[in-house]
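Reminder, nothing fancy here: chain letters follow the sequence lines and each chain counts from 1.
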Amino acid sequence: MPNSVGKRFKPTKYIPVSTAATLLVGSTTLFFVFTCPWLTKAISPGVPLYNGVVFLFVLANFSMATFMDPGVFPRAEEDEDKDDDFRAPLYKNVEIKGIQVRMKWCATCHFYRPPRCSHCSVCDNCVEDFDHHCPWVNNCIGRRNYRYFFLFLLSLSIHMVGVFSFGLLFVLHHMERLGTLHTTITLVVMCIAGLFFIPVMGLTGFHMVLVARGRTTNEQVTGKFRGGVNPFTQGCCGNIKYVLCAPLVPRYTGVDPRKKPPVSIQPPFIRPDISDRQISIKVSDNGIHTSILRSKSKISLDGLALDDKGLDTQPPLPPKADRYNQLKSQLTSSKGNSLTGKTHPSTPAMYKYRPSFGTIPKVHYNAAGEKIVMPDDHHKASAILEEGRCHVDYRSEPNLDLPDYHNAPLHRTFQSSPLQLDSYLINSRSLSLKQAHQRRDKGQLPTLQPETATSTPYKSVFSPNTLSNRNGSLSYDSLLNPSISPATEAECMAHPGMPFMGFHTPYLPTKMCHVRGPELQSQRQQVPPSFSPMLGSRGIGMSMSRQSPRDRDPSPVRYDNLSKTIMASIQERKEMEEKEKLLLHHGGHSQAQAYNQAQDSGMFDSPGGYGLPPSACYPDGPRGPSSKGPTPPAYGGSRDNLMGVVSYGPRTPVLRSSGGSSLVRAPRTSSSSLHTDSSMQGGRASEPSYRSPAHQPHHSPAMPQSPSYTHQKLSFIHALERTDSPRLGGPREAMMQSKVNGQTDCHLGPNSSSAQGNPLSPSRHSNVKKVTGVGGTTYEISV
Amino acid sequence: EISAPWTFHNLQELRHSASLANKVFLQRDYSDGTTCRFQTKFPSELESRIERPLFEDTVKRLNIYYAEAEKMGGQSYLEGCLACATAYLIFLCMETRYEKVLKKIGRYIQEQNEKIYAPRGLLITDPIERGMRVIEISIYEDRGSSGSCSGSSSTSGSSAR
């Protein structure tokens with residue numbers, strides 16, 4: 001046996017085909033030699049002619065079936081399967097005419113077998129439209145040669161019938177001389193024909209049915225479409241037509257590269273303009289900031305091959321900010337310019353308070369006091385600025401990316417509420433201090449406290465409001481701590497009331513802080529929860545929810561850059577947020593109620609507001625209102641009250657920023673006090689705070705930390721601020737006095753998340769140094 | 001041959017100033033059975049390399065060509081009968097309609113490569129080389145400093161081929 005060096009020569013596989021070929025050719029030849037002459041003479045010359053044609057047909061089809069490539073798929077190159085080889089599922093589903101068809105992964109050929117394709121183990125190839133492997137032709141029957149195989153069967157059947165018939169005729173006519181050579185050979189031929197007649201006819205009939213049904217042998221034998229519908233059928237006539245009249249498909253294997261001239265590839269390469277894409281993405285809606293990020297990151301990645309994270313964190317921010325700014329401006333303009341305006345005025349004021357916070361590093365109450373000094377417009381302006389700053393801060397600090405995101409939503413939600421702006425501003429301030437982590441600790445608080453203190457007092461004042469304005473305060477928080485996205489977020493969320501706080505009388509926060517000091521401290525942990533209701537709800541169900549997850553995601557990245565302390569604070573904040581969430585579900589309402597109590601006006605429908613904090617926060621402006629549906633009205637009232645506390649407006653933001661959560665609560669109480677005693681409301685809350693700087697330290701750690709959240713995005717900060725809710729009264733008062741956006745913020749906070757959103761958006765612009773207040777007022781804040 | 005900004009004296013030279021970075025595979029669209037169609041979904045990897053309309057236009061055009069090649073009509077029937085009548089000897093001298101369309105597709109792809117894709121650092125591989133299962137698009141990146149003008153003849157294999 002000849003042994004080829006390459007493939008092993010397997011003679012056994014050639015036995016069937018050899019046998020078949022031998023029998024076919026031999027028998028027919030004998031027939032022609034011995035039988036046809038007499039037939040020609042006896043019947044007509046047409047007999048051999050006819051048989052000759054049929055035999056020729058049989059041979060041609062037999063040859064085609066044997067030597068034609070059935071439709072072998074060339075092996076997939078490595079590049080194609082590098083993704084699939086190890087992790088690819090075994091099957092891939094594809095829908096064909098509405099029917100699910102499974103494509104199996106071929107380990108030998110490294111691709112998913114197209115529909116109707118199967119791997120032939122004899123040929124070791126995947127064959128298109130695999131029918132079967134025919135040993136008689138020693139070839140697979142597939143798409144390309146099925147027609148020839150079928151015709152071969154047909155023609156062979158006809159040929160066999162013809163040979164048998166004419167042989168029989170011959171024999172009948174030569175019965176008397178059966179022993180002669182011609183007769184004997186004819187008899188032999190007849191036997192062969194008769195012997196193979198049954199299998200061949202059977203196979204022919206089988207394939208005729210298959211053709212009519214549009215199935216392959218493989219499908220029929222494996223029962224693929226036994227009970228179902230065959231997606232490949234084209235009807236009986238269509239199937240027959242397909243088999244007989246379809247064009248011959250060229251083979252896939254052995255394809256030469258067409259001898260085409262090579263195409264030269266040289267840089268520089270033309271790149272499509274991607275700016276439009278970015279822009280378009282930016283233009284999308286609220287959720288855009290995420291999408292922007294993605295798109296941008298993608299684009300940046302493609303174009304610049306920058307680090308994803310970096311891109312995601314950094315570049316997206318600016319667009320986001322821009323968008324928020326745009327949104328905010330739109331929102332502010334659309335919503336309640338008055339409101340935003342109120343908030344805006346407060347932000348500047350709050351902004352001014354920043355320094356005051358600095359002066360009272362140790363006690364936020366002191367800061368609150370300072371805040372009081374600068375209520376009114378400053379608050380708003382500062383709040384607004386803070387918002388913007390927060391925005392900016394976030395941008396500038398990669399770590400704050402999270403905050404950004406947080407803020408972004410916060411901004412949106414808070415836009416509606418100036419208080420939110422305040423909180424943001426406060427946050428931003430604290431953030432800018434970048435001692436957020438420090439704030440967390442009491443020691444740190446001093447630095448931050450001024451901010452937080454002021455903010456928290458206000459927050460306390462506006463506690464009721466903050467609750468309701470949780471969203472709003474959040475916005476402020478975001479405003480305050482744009483950089484500290486997570487922190488701010490928490491803060492913003494926590495400080496719905498904060499914004500109000502900002503507007504409250506500075507004294508109030510201290511009072512409230514004082515009163516609540518211990519509470520706040522204890523609540524610090526709670527506060528976050530309280531805020532978290534807002535935050536949590538935000539994150540959970542509200543529009544903010546979007547942000548909260550987002551906030552968290554980037555934060556890990558961002559936080560890497562932060563110092564450990566900051567990271568810790570961020571972690572704390574997160575925990576607080578989670579707690580808040582828990583509380584929200586459980587005690588959020590209770591807190592809200594507390595706030596309600598604090599609020600005489602009940603404007604701050606904090607329960608609802610808090611319940612809605614997320615929504616209130618209005619990650620997108622429009623959402624806020626809806627979410628805050630119930631609350632807005634409440635806030636409206638509160639706002640009015642707050643308006644009276646305009647003076648405290650500036651403070652409110654501060655307060656809010658400081659103690660997000662704490663402020664939230666505080667404001668409620670403070671707000672009520674505010675209402676009752678505009679001057680002392682804040683004082684009520686703030687008095688304690690002022691009175692007892694000692695308390696403040698308690699709170700301030702909590703609250704000032706909120707300022708810290710400016711850069712720490714500490715949820716704790718918010719919490720702290722909330723604890724300072726007593727101070728909210730102050731801020732509220734301030735708000736009322738100043739009638740700044742803070743008021744609107746206050747009541748926007750929880751309620752008008754949208755409103756808050758507006759202020760937020762302006763604050764987002766803050767990085768642009770232009771903050772549009774809740775009421776649509778635009779403040780230019782230099783961050 | 002593409003006329004490049006730099007003068008090439010050897011048309012067969014393939015300037016490898018770019019290096020193969022990635023390959024994108026456009027899969028078949030089996031929604032309408034086993035007729036040859038390719039998905040027109042725009043791959044994300046090409047987002048920054050080529051404009052979407054250009055890409056979709058190319059793929060749609062290819063789909064039209066393949067549909068034309070596989071069309072079961074009068075011409076394909078006559079071809080079959082003629083082939084049968086001549087015991088398929090006709091295949092030795094004549095080119096089937098499918099083969100003609102495939103050649104047209106090959107020319108179209110070459111033209112697209114020259115005009116649109118190569119300037120963008122892309123190269124489309126004729127699906128027939130992949131068994132009509134995928135359209136392979138090779139993505140090239142600028143190697144940076146390119147001795148593109150160097151006369152070294154790199155194997156043409158135009159990367160895709």
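- Taking 4.5 Å as the limit, some side-chain heavy atom of B:Tyr88 sits within range of a side-chain heavy atom of A:Asn61.
- Listed options A:Pro74, A:Pro115, A:Pro231 were ranked by heavy-atom pairs under 4.5 angstrom with chain B; first place goes to A:Pro115.
- For B:Lys41, the NZ atom counts as loosely surrounded, since its 6.0 Å shell holds 12 or fewer non-hydrogen atoms of other residues, nucleotides or ligands.
- Taking the side chain as every heavy atom from C-beta outward, B:Phe91 and A:Met64 approach each other to under 4.5 Å.
- In terms of heavy-atom pairs under 4.5 angstrom with chain A, the leader among B:Asp32, B:Leu89, B:Asp29 is B:Asp32.
- Contact of the B:Tyr98 side chain with the A:Leu248 side chain is not registered, since no non-hydrogen atoms from C-beta on lie closer than 4.5 Å.
- For the pair A:Phe232 and B:Thr34, the minimum side-chain heavy-atom distance is below 4.5 Å.
- Using a 4.5 Å cut-off between heavy atoms, A:Leu59 does not touch chain B at all.
- The two residues B:Met72 and A:Tyr242 make their nearest non-hydrogen contact at SD-CA, 3.3 Å.
- Annotation for B:Tyr77: atom OH does not count as buried by contact number, only 12 or fewer foreign heavy atoms lying within 6.0 Å.
- Between the side chain of B:Ser31 and the backbone N or O of A:Ile96, no donor-acceptor pair lies under 3.5 Å.
- Looking at B:Cys36, there are no atoms closer than 4.5 Å to chain A (heavy atoms on both sides), in backbone or side chain.
- B:Val24 does not touch chain A: none of its heavy atoms, backbone or side chain, sits under 4.5 Å away.
- Between B:Glu129 and A:Arg75 there is no salt bridge, since none of the side-chain N atoms of the basic residue sits less than 4.0 Å from a carboxylate O of the acidic one.
- How far OH of A:Tyr252 is from CZ of B:Arg130: 14.0 Å, rounded to the nearest 0.5 Å.
- Cation-pi geometry between B:Arg133 and A:Phe111 is met: under 6.0 angstrom from the ring centre, within 45 degrees of the axis.
- Contact annotation for B:Leu78: neither backbone nor side-chain heavy atoms come within less than 4.5 Å of a heavy atom of chain A.
- With a 6.0 Å radius and a threshold of 12 heavy atoms from other residues, nucleotides or ligands, A:Lys224 has its NZ atom above the threshold.
- Across A:Arg143, A:Lys97, A:Gln234, the residue that shares the most heavy-atom pairs under 4.5 angstrom with chain B is A:Lys97.
- With a threshold of 4.5 angstrom between heavy atoms, A:Val249 approaches chain B through its backbone and through its side chain.
- A:Tyr148 touches chain B through its side chain: at least one heavy atom from C-beta onward sits under 4.5 Å away, while N, CA, C and O do not.
- When each of B:Arg97, B:Glu79, B:Met132 is scored by its heavy-atom pairs under 4.5 Å with chain A, the top score falls to B:Met132.
- Of the two parts of B:Ala69, only the backbone, made up of N, CA, C and O, holds a non-hydrogen atom closer than 4.5 Å to a non-hydrogen atom of chain A.
- Contact annotation: the side chain of A:Pro114 never approaches that of B:Arg28 to less than 4.5 Å [non-hydrogen atoms, C-beta and beyond].
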